[in-house]
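Everything quoted here is computed from the prediction, not taken from an experiment.
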Amino acid sequence: MNNFECPECGGGVAVGTAVLPGEILECPDCGVELEVISTHPLQLELAPEVAEDWGE
Amino acid sequence: MRASIVGGSGYAGGELLRLLLAHPQVRVAQVTSQQHAGRYVHGVHPNLRGITRLQFCAVEELQPCDVLFLALPYGRAAAQIEQFAALAERVIDLSADFRLRDAAVYERWYGQSHPNPGWLADFVYGLPELHRERLRGARYVSGVGCNATAVNLALAPLVQAGWIERAVVDLKVGSSEGGNSFSAASHHPERSGAVRSFAPTGHRHQAEVLQALGAMELHFSVTAVELVRGVLCTAHVFLNRDVDEKAVWQLYRAAYGGEPFIRLVHERKGIYRYPEPKILAGTNWCDIGFARDEQSRRLVVLSALDNLMKGAAGTAVQCLNVMMGWPERMGLEFTGLHPV
């Protein structure tokens with residue numbers, strides 16, 4: 001298990017050793033979605049977001 | 001530990017009784033109510049039916065105990081503090097009587113001279129997140145104001161970091177803040193559905209914030225909304241520097257990462273992205289979130305809590321746990337309901 005720093009909030013994101021490129025992970029603190037860009041080396045980037053109406 | 005409650009028929013007193021009856025280190029000895037003396041406590045607090053056979057007694061019947069909680073209307077605890085202090089080694093007062101250290105400040109905000117100013121210096125302001133070390137081993141602890149707590153916890157990390165130029169705080173609050181006495185203003189056809197600006201300026205809890213956080217330019221408005229329990233604080237904080245949200249995250253994590261009752265809530269998706277008092281009813285949580293205005297140095301800090309819990313009885317029990325060296329979550333583990 002690797003620990004990756006969330007680019008959004010700086011929190012810790014646990015990344016399993018079996019992740020695959022294209023997999024989407026979620027930051028437990030801010031909830032942002034992160035896409036696994038590569039596994040060697042491990043590289044995560046903010047995943048594209050779809051705007052949603054969440055409760056006005 | 002034997003605990004008694006003076007003034008147990010109000011909302012804060014009833015909440016305190018609910019918590020203490022379930023606390024593994026506490027046995028509730030007596031609960032007073034002048035109005036309801038002789039009645040079973042569940043006659044006033046129906047949620048306690050089947051939990052206890054305690055009956056309210058008169059204050060004159062109080063016996064010595066280990067800790068005495070005072071949940072009386074403003075001014076009454078201060079007027080009788082010598083009598084109460086003689087009954088117990090420790091006293092925790094939920095009212096506003098001993099929150100302010102300076103009698104002149106009390107007089108300015110409460111419109112009357114303090115009934116017993118000689119005792120003010122003996123009480124520790126009972127907000128563990130700010131005064132944990134002073135609470136350890138303290139004998140006399142004052143409760144906290146619910147609105148003040150929402151503001152104090154929202155702003156404290158920014159104040160400690162020296163980031164605030166000024167702050168404008170808007171609080172939306174539930175009807176239980178007004179206590180269990182009724183008036184024309186609380187009559188159902190008048191209160192239900194109201195969005196009532198009952199203190200656009202001059203709310204007394206502002207004094208507690210200035211005492212706890214220090215002198216600053218702080219503007220404070222309170223609006224009563226359609227809630228029974230709950231406070232939502234929206235603090236518009238004008239910063240004296242440019243910061244990004246990651247830096248704000250780091251600041252709040254450093255301040256509250258180890259706190260047992262504070263959660264940082266700032267999520268990118270879902271329904272509950274920011275603090276929301278609805279899901280905190282009955283819990284001792286204070287949820288804190290924030291959003292930075294991209295166009296200015298305004299940072300909106302949001303905090304939510306249950307006014308009867310983290311804003312009153314819950315924090316009082318948390319203080320007892322700190323005073324006694326018990327785990328702070330003891331007796332306060334309820335996580336809340338969803339949906340509710």
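Note that the SG atom of A:C30 and the CG atom of B:L264 stand 11.5 Å from one another [nearest 0.5 Å]. Distance check, rounded to the nearest 0.5 Å: CG of A:D29 to CD of B:E267 gives 8.5 Å.
Looking at A:C27, there are no atoms closer than 4.5 Å to chain B (heavy atoms on both sides), in backbone or side chain. For B:R253, the part lying under 4.5 angstrom from a heavy atom of chain A is the side chain only.
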For this session: For the pair B:K246 and A:E8, evaluate side-chain contact (heavy atoms from CB on, under 4.5 Å) and give the outcome as yes or no after the intermediate values.
Result: CA-CA 6 Å; B:K246 200 167 174 180; A:E8 184 77 6; over 6 Å; no
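For the pair A:E26 and B:K269, the salt-bridge criterion is met [side-chain N within less than 4.0 Å of a carboxylate O].
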